[in-house]
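Structure record follows, encoded as structure tokens.
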There are 2 protein chains.
Amino acid sequence: MDKDLTFKQRQVLEAIRRFQQENGYPPTMRELAELLGMASAAGIHKMLLSLQEKGVLRRREGGKSRSYHIVGDEAAPGRGRTRPCPIIGNVVAGMPELAVEEREGELYLDSDWVGQEDIFLLRVRGHSMIDADIRDGDLLVVQLTQTCRNGDIIIAMLDEEATVKRFYREKERIRLQPENQTMQPIYIPGDDPGFRIIGKVKGLLRKY
Amino acid sequence: MDKDLTFKQRQVLEAIRRFQQENGYPPTMRELAELLGMASAAGIHKMLLSLQEKGVLRRREGGKSRSYHIVGDEAAPGRGRTRPCPIIGNVVAGMPELAVEEREGELYLDSDWVGQEDIFLLRVRGHSMIDADIRDGDLLVVQLTQTCRNGDIIIAMLDEEATVKRFYREKERIRLQPENQTMQPIYIPGDDPGFRIIGKVKGLLRKY
DNA sequence: GAAAAAAGTGAACATCTGTTCAAAAAAGAC
DNA sequence: GTCTTTTTTGAACAGATGTTCACTTTTTTC
């Protein structure tokens, strides 16, 4: 696909790539012209159009400055490869609107790893899940969902307070099992209005 | 150093970062203003100046459009804030050249989280570190280094085989301690040529 | 060599972009 | 409360930038 490019066109492409690499943003047409020793921006303009037709160059919006990027270049806008995920210090009432006050920051995570669903990162407080090898200070990747299966590790609101527990549905009640031998399970009647499932744990991040 | 930023200034910084991440080039002042719901570019202009004075923002040349970049992200200009990290299935002889045959794939990770050093991801086999809450199948973030301190979790080559152990330097020998009560420590004479430290564990990724 | 395509020029124009200024609103500090 | 700092607005301006046009030069193709 690169074979039907002329020498000049390849030169322009290479100049764009180098400029982006060195400066962190794409060049303007006149900057490109000067870089290639040309006197007018019009020639570059024509060249960029033909490069666009051949599919090797793209621009996000017409008319905007510095908006060209090379197709297939890693430096190009990689929508989809990674996504920003907010770090929540504490789950608070009003979820899943993710109260902004509790935002610690955000991490960009690989979409291949966390998937496309609505997620956030929750910092673990305490040792209630130590038998599941989840430690104090770990970050949990939480997927917002109401549906979960027996044995899932979930985040639940229980009377305005958030907890991480393993979920089991029993006959007339729900059992929330802490993964810590020294702690007792919590039983929820089926009709408890103070109980609400926020989401389930899909992954874990730990920093040493 | 980030502590003397106002809330608004931090908001502006975050908007710049996100725009750069999504589009591959920095925003103009008016684009920023619209993004933040402001009516004029002048406010943004003043804000960028103060951010510049505080040293968190820089521009390559005055007067040029879209030429601002965030100081923390400047280490990898144009590469955004994530970096590709190879996933290694097994550590093999010949490291740290990271034999390509063993590459399982790669994940893009947040530079804020993994830092700028040379790293790779190693998949854990077995349960030798279960007492350190590291499970079979976890991915370890390994920083390539020869220097490590007592108590560090390290990756070491021992007679052509890779192991994950906790590192302790004793009088005339090195003790490699498995974090599993049922396993015995390994002792290495100080002059063992078959022993080599690959790196140390900086983080952990787990998927449920 | 003739014809066609590609590359380049120079000028003009509309819009975008950064910058400045005066003033007002909002938020904190005291 | 008063005062100061921060934040926002609106307008205006200069220069930068993308675009178009007519035309010339160079290169390629037949």
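Residue numbers begin at 1 in each chain, while the letters A, B, ... track the order of the sequences. Side chains included, hydrogens not; waters and symmetry mates left out as well; all remaining heavy atoms used.
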(message) OP1 or OP2 of C/dT17 versus the side-chain N and O atoms of A/Ser65: is any pair under 4.0 Å?
(response) yes
(request) Could you pull out all residues at least two apart from B/Tyr168 that satisfy side chain to side chain donor-acceptor pair (under 3.5 Å)? (result) none
(request) Treat primed atoms plus P, OP1 and OP2 as sugar-phosphate and everything else as base, then score nucleotides 7-13 of chain D 5' to 3': B for base contact with protein heavy atoms under 4.0 Å, S for sugar-phosphate contact only, - for none. (result) BBBB-B-
(request) Return yes if a side-chain donor-acceptor contact under 3.5 Å exists between B/Glu179 and B/Ser128, otherwise no. (result) no
(request) Can you tell me the distance, in whole Å, between the CD atom of A/Glu31 and the C1' atom of D/dG15? (result) 14 Å
(request) Check the surroundings of atom CD in A/Glu117: do more than 12 heavy atoms from other residues, nucleotides or ligands lie under 6.0 Å from it? (result) yes
(request) Could you state the atom-to-atom distance from CG of B/Leu32 to P of C/dT19 in whole Å? (result) 13 Å
(message) Can you measure A/Gln11 atom CD to C/dA7 atom P for me and round it to whole angstrom units?
(response) 10 Å
(message) On the nucleotide C/dT19, are OP1 or OP2 found under 4.0 Å from the side-chain N or O atoms that B/His45 carries?
(response) yes
(message) Can you tell me how far apart NZ (B/Lys207) and CG (B/Leu205) are? Round to the nearest 0.5 Å.
(response) 10.5 Å
(request) Return the set of residues passing side chain to side chain donor-acceptor pair (under 3.5 Å) with A/Gln143 (not counting sequence neighbours), or none when no residue passes. (result) none
(message) Which residues pass the salt bridge (charged side-chain N to carboxylate O under 4.0 Å, His left out) test with B/Arg30, not counting sequence neighbours?
(response) none
(message) So, using side chain to side chain contact (heavy atoms under 4.5 Å, CB included) as the criterion, who are the partners of B/Gln52 when residues are at least two apart?
(response) B/Leu49, B/Arg59, B/Tyr68
(request) Please report how far the helix from C/dG1-D/dC30 to C/dC30-D/dG1 bends, comparing the axis fitted to its first five pairs with the axis fitted to its last five, to the nearest 10 degrees. (result) 50°
